[in-house]
Amino acid sequence: MGRAFSPSSKARLTSHDLDRFPSSTLFDRIGRAVCAAGCLPRKELFEAWEVARRTRRLFRGGRIVDFAAGHGLLAQIMLILDDSSPRAIAVDTTIPPSAAKLHEAIVDSWPRLAGRVEFVPAPLDSVPLDDADVVVSSHACGRLTDVAIDAAATARARLAVLPCCHDTTACDMGGLEGWADAALAIDMTRAFRLQGRGYRIWTQVIPDAITPKNRLLLAAPR
C-alpha cells in the first residue's frame, strides 16, 4: 500500500489492487468489481466515475447511450447511480473482447443490471436516438466527440462529453485559435454550437490528476 498509485495510469486493475478499494463506498465497491475482472486500465475507472457522478447530478432517468464506449463501464456506472434508467447501450466500432468479462463482474455485484446493458459494435452515428436519451462519451477521440454531439443535438437528447485528442484538421476551432490554444478553442466552439442549437450548457472539469484532457461539457435542450 506504500507504492505510488496514480489514477492516470494505464496499467490494468487486477486482484493485486483490491486493497486499494477497502471501504463500503460505492466507488470502492465498483473498484473491487473492476479489479475482479482484471482487464480495465486504471484511468478508465477514475474517468468513468468522475463523468458519471457529475452527469447524474444534472440528468436523471433516460436510456443511456455510451458513444465510443470501449468496455462500457461509463454506461454501467450511470445505471448503478440511477436505477430509473431502463437500460444502456454501449456503442463502439469495435467492442473489446474483455468487455464481457467486465460486465460479468459488474453484474455479480449488481444483479439488477443483468439484461439491461447492450454492447453494439457499430459506427457511432448508426444508433437511433430520441429525446429521452442521455448520451455520454468519455474520451471519444477527435472528431468522434463531434459525432456524439451532433447525434444528441439532432435527437434533442441530453449530453455529457469528455473530449480528447483534439484534431485541428478535422475539428472546428471557430476562429478562436488566435486567443486560445487549439484544444480549448475546439471545446469552446462545441459549447457555443450547442447553445446555438437551443441547448443550455454546463462546463466542468474532472481532476487533472486523472487526465489533462479533463474538460467536461454537459448540455440539455432548453
Side-chain angles (χ1 to χ4, degrees), residues 5-18 20-21 26-56 63-83 85-127 133-142 144-145 147-148 151 159-165 206-207 210-211 213-214 216:
F5 188 73
S6 169
S8 65
S9 172
K10 296 181 181 179
R12 287 184 298 113
L13 288 166
T14 70
S15 59
H16 298 293
D17 298 304
L18 282 170
R20 304 284 186 181
F21 305 96
L26 182 57
F27 176 72
D28 276 9
R29 291 173 61 202
I30 295 170
R32 289 195 294 273
V34 170
C35 289
C39 61
L40 191 79
R42 187 186 306 167
K43 71 189 299 285
E44 292 187 22
L45 167 64
F46 287 89
E47 287 171 351
W49 171 255
E50 295 294 340
V51 171
R53 71 190 188 96
R54 285 168 170 78
T55 302
R56 277 310 197 192
R63 182 185 66 164
I64 305 303
V65 182
D66 185 358
F67 276 176
H71 286 84
L73 181 62
L74 175 54
Q76 295 174 81
I77 295 178
M78 291 286 287
L79 292 184
I80 291 169
L81 289 173
D82 181 9
D83 200 40
S85 286
R87 62 193 184 102
I89 300 176
V91 188
D92 212 329
T93 51
T94 302
I95 302 295
S98 51
K101 187 175 182 181
L102 177 63
H103 179 57
E104 181 180 352
I106 295 289
V107 171
D108 282 347
S109 295
W110 286 273
R112 59 184 170 83
L113 266 60
R116 293 171 59 191
V117 181
E118 180 184 2
F119 291 87
V120 179
L124 303 192
D125 55 1
S126 67
V127 177
D133 290 337
V134 179
V135 174
V136 295
S137 186
S138 178
H139 283 178
C141 290
L144 292 181
T145 291
V147 172
L159 172 72
V161 293
L162 187 76
C164 78
C165 304
I206 70 170
I210 300 171
T211 174
K213 304 294 186 182
N214 64 338
L216 178 63

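In this chain, residues are counted from 1 in sequence order. None of these values were measured; they are calculated from a predicted model.
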I would like to know whether Leu81 and Arg53 meet side chain to side chain contact (heavy atoms under 4.5 Å, CB included); could you show each step before the answer?
CA-CA 7 Å; Leu81 289 173; Arg53 71 190 188 96; 4.3 Å; yes

Quick one: closest heavy-atom pair of [X] and [Y], and the distance?
X	Y	result
Cys35	Leu18	CB-CD2, 3.6 Å
Leu102	Cys39	CB-SG, 4.0 Å
Ile64	Ala75	CG2-CA, 4.1 Å
Ala33	Ile106	CB-CD1, 4.1 Å
Pro7	Ile210	CB-CG1, 4.0 Å

List the steps, then state whether side chain to side chain contact (heavy atoms under 4.5 Å, CB included) holds for Arg29 with Ser109.
CA-CA 8 Å; Arg29 291 173 61 202; Ser109 295; 5.6 Å; no

Close side-chain approach of [X] and [Y], heavy atoms under 4.5 Å:
X	Y	answer
His139	Thr211	yes
Phe21	Leu45	yes
Phe5	Asp17	yes
Arg112	Ile80	yes
Pro41	Glu47	no
Ile30	Trp110	yes
Met78	Ser85	no
Val135	Phe67	yes

Evaluate the side chain to side chain contact (heavy atoms under 4.5 Å, CB included) criterion for residues Val107 and Val117: first the C-alpha distance (whole Å), next the side-chain angles of each, then the deciding distance (0.1 Å), finally the verdict.
CA-CA 10 Å; Val107 171; Val117 181; over 6 Å; no

Any donor-acceptor pair under 3.5 Å linking the side chain of [X] with the backbone of [Y]?
X	Y	answer
Arg56	Ile77	no
Arg116	Ala88	no
Ser9	Ser6	no
Asn214	Pro207	no
Ser138	Ala48	no
Thr14	Gly38	no

Is it the case that atom CZ in Arg12 sees more than 12 heavy atoms from other parts of the structure closer than 6.0 Å?
no

Taking atom [atom1] of [X] and atom [atom2] of [Y], what is their separation to the nearest 0.5 Å?
X	Y	atom1	atom2	result
Leu162	Thr145	CG	OG1	8.0 Å
His71	His103	NE2	NE2	13.5 Å
Arg63	Ile89	CZ	CD1	4.0 Å
Leu113	Asp108	CG	CG	11.5 Å
Leu159	Thr55	CG	OG1	9.0 Å

Could you go through Leu13 and Leu40, starting from their C-alpha distance and side-chain angles, then the distance that decides it, and tell me whether this counts as side chain to side chain contact (heavy atoms under 4.5 Å, CB included)?
CA-CA 6 Å; Leu13 288 166; Leu40 191 79; 5.5 Å; no

Which class fits the ring pair Phe46 and Phe27: parallel under 30°, tilted 30 to 60°, perpendicular over 60°?
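Rings of Phe46 and Phe27: tilted, as their planes differ by 30° to 60°.
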
